[in-house]
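Both counts, for ligands and for their atoms, begin at 1 and track the order of listing. Since this is a predicted model, take the numbers as computed values, not measurements.
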Amino acid sequence: MTINPGHSRNPGSDGPGSAELDAALRQFAQRPQILVALDFDGVLAPFVRDPDAAAPMPSSVAAVHRLSRAGVHIAYISGRPLADLRSRAEAPAGAVFVGSHGAEVAMNGDDGADADAVELSTDEADRLAALNSRLASALSRTPNTWLESKPAGVVVHTRGADEDEAARALEQAREAAADFPTVKVTKGHHVLEFALRHSNKGEGLSRVRSSLRPEAVLFAGDDTTDEDAFAILRPEDVGIKVGPGETAARYRVRDPQQVSDVLEQLAELVESRDG
Ligand SMILES: [Mg+2]
């Protein structure tokens with residue numbers, strides 16, 4: 001059965017227990033080689049005002065470890081820098097990490113803290129420093145916003161600002177960055193990201209897929225940047241959009257709690273397959 005992408009104006013109506021997602025999970029779990037790829041913020045970790053305080057839901061951590069023990073490949077795909085993602089994921093051994101929207105990838109077995117991490121050229125480093133200082137001065141008088149430095153970019157955070165403040169901050173940030181035409185600008189939930197390296201979660205997920213060669217992939221994401229990953233999914237894959245909004249994903253759940261429910265259901269299915 002085909003579900004019209006983005007048809008759900010009522011998030012959660014396709015949540016765990018819905019017949020379509022249930023059937024898709026059952027079929028997916030039958031395959032011996034599968035990859036479960038998960039965005040972090042808003043999917044494994046509920047949103048919190050301070051991104052440094054974000055932590056995965058314990059029930060999701062437990063379900064992911066069960067899946068890993070049952071032989072399922074696990075990947076974390078996030079806009080966060082790889083080292084930050086790795087430090088807070090509470091991941092099982094052998095998990096794959098894709099950080100900075102695909103710009104950093106640590107494949108299965110990489111044990112270095114910064115495997116395949118971004119290394120900037122001198123020119124890139126100079127441009128990044130210049131971009132950082134332009135944004136910092138542009139936002140210096142806008143309350144409740146802050147900048148986060150990334151290995152190959154800068155993120156403007158507006159969580160905590162009211163709507164007017166946030167809109168003003170984003171406009172000022174875009175103006176300040178206008179002199180950096182090769183920088184890619186990506187809008188997310190309460191963030192505006194400026195990236196020197198152009199990659200996306202779809203490219204990151206494709207790299208993981210071609211390395212691990214699973215028969216099928218489940219990917220769950222909540223943000224506009226996750227659409228690049230939904231876009232590369234195949235008919236045998238399971239794409240799950242978390243929360244409201246337009247999406248190319250075939251299924252939808254409401255929130256990280258329902259992601260946890262899906263992961264637990266999948267763990268049960270995979271364990272009973274193996275048993
Ligand atoms: Mg997210």
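- Salt bridge absent: Lys201 and Asp228 never bring a charged side-chain N and a carboxylate O closer than 4.0 Å.
- Taking a cutoff of 4.0 Å between a charged side-chain nitrogen and a carboxylate oxygen, Arg250 and Glu20 do not qualify as a salt bridge.
- Taking the side chain as every heavy atom from C-beta outward, Thr225 and Asp39 never approach each other to under 4.5 Å.
- Note on Asp52 versus Arg88: salt bridge recorded, some NZ/NE/NH1/NH2 to OD/OE distance being below 4.0 Å.
- Between Tyr76 and Phe97, the ring planes are parallel. Angles under 30° get that label, and only those over 60° would be called perpendicular.
- Within the structure, salt bridge (charged side-chain N to carboxylate O under 4.0 Å, His left out) pairs that include any residue of residues 166-195 comprise Arg134-Asp179, Lys150-Glu193 (at least two apart or interchain).
- Distances from the Mg ion (ligand 1) under 2.8 Å pick out these protein N/O/S atoms: Asp39 OD2, Asp41 O, Asp222 OD1.
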